[in-house]
Amino acid sequence: MSEHAERFTLLRPLLFTIAYEILGSATESDDVLQESYLRWAEVDLASVRDTKAYLAQLVTRQSLNTLRAQSRRREDYVGPWLPEPLLVSDDASADVMLAESVSMAMLVVLETLSPDERAVFVLREVFGFDYDEIASAVGRSVPAVRQMAHRAREHVQSRRKRFEPVDPKTSMEITQRFFTAAATGDFDGLLEMLTEDVQWTADSDGKVSAARKPVVGAERVARVLIGLVRVAGESGRVEPAMYNNAPALKLYLGDSFEGIVSLEITDGRISHFYAMRNPDKLVGVDIPREIRR
């Protein structure tokens, strides 16, 4: 292995995590890393003082180029846009900041930032890079980056509920109880497991059947869940899984893989369901990814 490849491989989990948090897409993050490596392979290593900072800046620039190029496509997107579900290869839940940073809820909030604000927030708040390093990555002055970091931090804090890590065992117990209640049509039992303002958000881009607007409220969401599980029980199956360090369900109709529903749990109750139905975003969901700060 060449020295270029050795340095890049050592930092690949970190670089992938940066790209994924900026883009919300594992597939596009892979493309960004491939393009970044081609550029890295041409760099004179004698001129690189800090490999981690250099590669982080390179990947950030490539991620921003990708994000800006997609702005029009996302404007034309049919229905809600959700991040690609991420199958984490190791237990990242022990790192609370890392687990939160790749959660569906956090990634959805990051979608409301401008591309530059998103990159600045990720590099500063999650990975702790210095302002001058971030300024070099996004092509802005240090004072401008400080202002963006402040605005982005306030924006995220105002929209993101207080994060409390949930023990994986507890998460799966809650998920199993939820599934049992939904499968048996226990409407009251299901309501007890949902927060009053629970939300169901489905991403399909109009390519498969799915609600094109979020469904809000315990009773409305409970009806959606009972109907979904009933259909799956008649002609398919539901498998428990973990995506984005949170419990999830994999849906099948016959032999056809139909989607992933990720659960967000707040104070022991389910507060949000994120349903990924867009087939384009399900292609790589079985590929485990290593993430790192």
Side-chain angles (χ1 to χ4, degrees), residues 13-26 28-29 56 59-60 63 67 80-115 117-129 134 148-175 195 197-199 201 203 214 241-249 260-276 281 285 288-293:
L14 169 87
L15 301 175
F16 173 85
T17 311
I18 291 174
Y20 178 73
E21 293 191 12
I22 293 175
L23 293 168
S25 167
E28 291 168 354
S29 297
V59 166
T60 297
S63 298
L67 191 59
W81 187 99
L82 291 176
E84 281 185 19
L86 184 69
L87 180 62
V88 181
S89 62
D90 54 0
D91 184 13
S93 60
D95 184 336
V96 175
M97 173 65 80
L98 182 61
E100 159 71 342
S101 69
V102 298
S103 69
M104 279 286 177
M106 175 58 80
L107 291 169
V108 167
V109 171
L110 293 183
E111 276 296 305
T112 62
L113 298 173
S114 72
E117 286 175 341
R118 182 168 184 168
V120 168
F121 180 87
V122 167
L123 293 177
R124 181 63 183 171
E125 299 299 318
V126 180
F127 297 96
F129 283 99
I134 300 172
M148 277 192 283
H150 178 71
R151 285 199 308 269
R153 190 183 309 115
E154 286 193 334
H155 180 93
V156 170
Q157 289 175 348
S158 69
R159 287 162 175 78
R160 180 70 181 108
K161 297 177 182 178
R162 180 170 51 91
F163 177 72
E164 293 183 358
V166 182
D167 175 70
K169 182 179 179 181
T170 302
S171 294
M172 292 312 295
E173 288 175 353
I174 292 173
T175 304
T195 61
D197 59 348
V198 62
Q199 186 166 315
T201 304
D203 179 328
M242 289 288 290
Y243 280 87
N244 297 79
N245 289 309
L249 302 171
I260 292 174
V261 180
S262 297
L263 282 63
E264 181 181 11
I265 297 174
T266 305
D267 296 329
R269 300 165 77 190
I270 303 172
S271 55
H272 209 132
F273 295 88
Y274 301 95
M276 179 52 67
K281 295 185 180 181
V285 294
R289 316 279 185 164
E290 186 179 353
I291 61 173
R292 190 179 305 160
R293 279 205 297 153

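Note that the coordinates shown come from a computational prediction; the quantities given were computed from them, not determined experimentally.
- Between Glu84 and Val285, every side-chain heavy-atom pair lies at or beyond the 4.5 Å cut-off.
- Taking the six-membered ring where tryptophan is involved, the planes of Phe129 and Phe127 are tilted, since the angle between them lies from 30° to 60°.
- Side-chain atoms of Val108 and Pro83, non-hydrogen and from C-beta on, do get closer than 4.5 Å to each other.
- From Met148, atom CE reaches atom CG of Leu113 across 11.0 Å, with rounding to the nearest 0.5 Å.
- Contact record, Ile174 with Gly268: CD1-O, 3.8 Å, taken as the closest heavy-atom pair.
- A salt bridge does not link Glu100 to Arg293: none of the charged nitrogens lies less than 4.0 Å from a carboxylate oxygen.
- Rounded to the nearest 0.5 angstrom, Met242 CE and Ser262 OG are separated by 9.5 Å.
- Side-chain polar atoms of His155 and Arg151 form no donor-acceptor pair below 3.5 angstrom.
- Taking every heavy atom of both residues into account, Ile265 and Pro247 meet most closely at CD1-CG, 4.0 Å.
- Rounding to the nearest 0.5 Å gives a distance of 11.5 Å between OG of Ser29 and CD1 of Ile291.
- Ser101 and Glu21 get closest at one heavy-atom pair: OG-OE2, 2.6 Å.
- Between Leu86 atom CG and Arg289 atom CZ the span is 7.0 Å, to the nearest 0.5 Å.
- No side-chain heavy atom of Met104 sits less than 4.5 Å from a side-chain heavy atom of Glu264.
- Atom OG1 in Thr60 sits 11.5 Å away from atom CG in Leu67 (nearest 0.5 Å).
- Under a 4.0 Å N-O distance rule, the pair Arg118/Glu111 qualifies as a salt bridge.
- To the nearest 0.5 angstrom, Met97 atom CE is 8.0 Å from Met106 atom CE.
- Residues Leu82 and Ala275 come closest through the heavy atom pair CD1-O, 3.8 Å.
- A 4.5 Å side-chain heavy-atom check between Tyr20 and Asn244 finds at least one atom pair inside the cut-off.
- Heavy-atom minimum distance, Leu110 versus Phe121: CD2-CD2, 3.7 Å.
- Between Ala248 and Leu263, the closest heavy-atom pair is CA-CD1, 4.4 Å.
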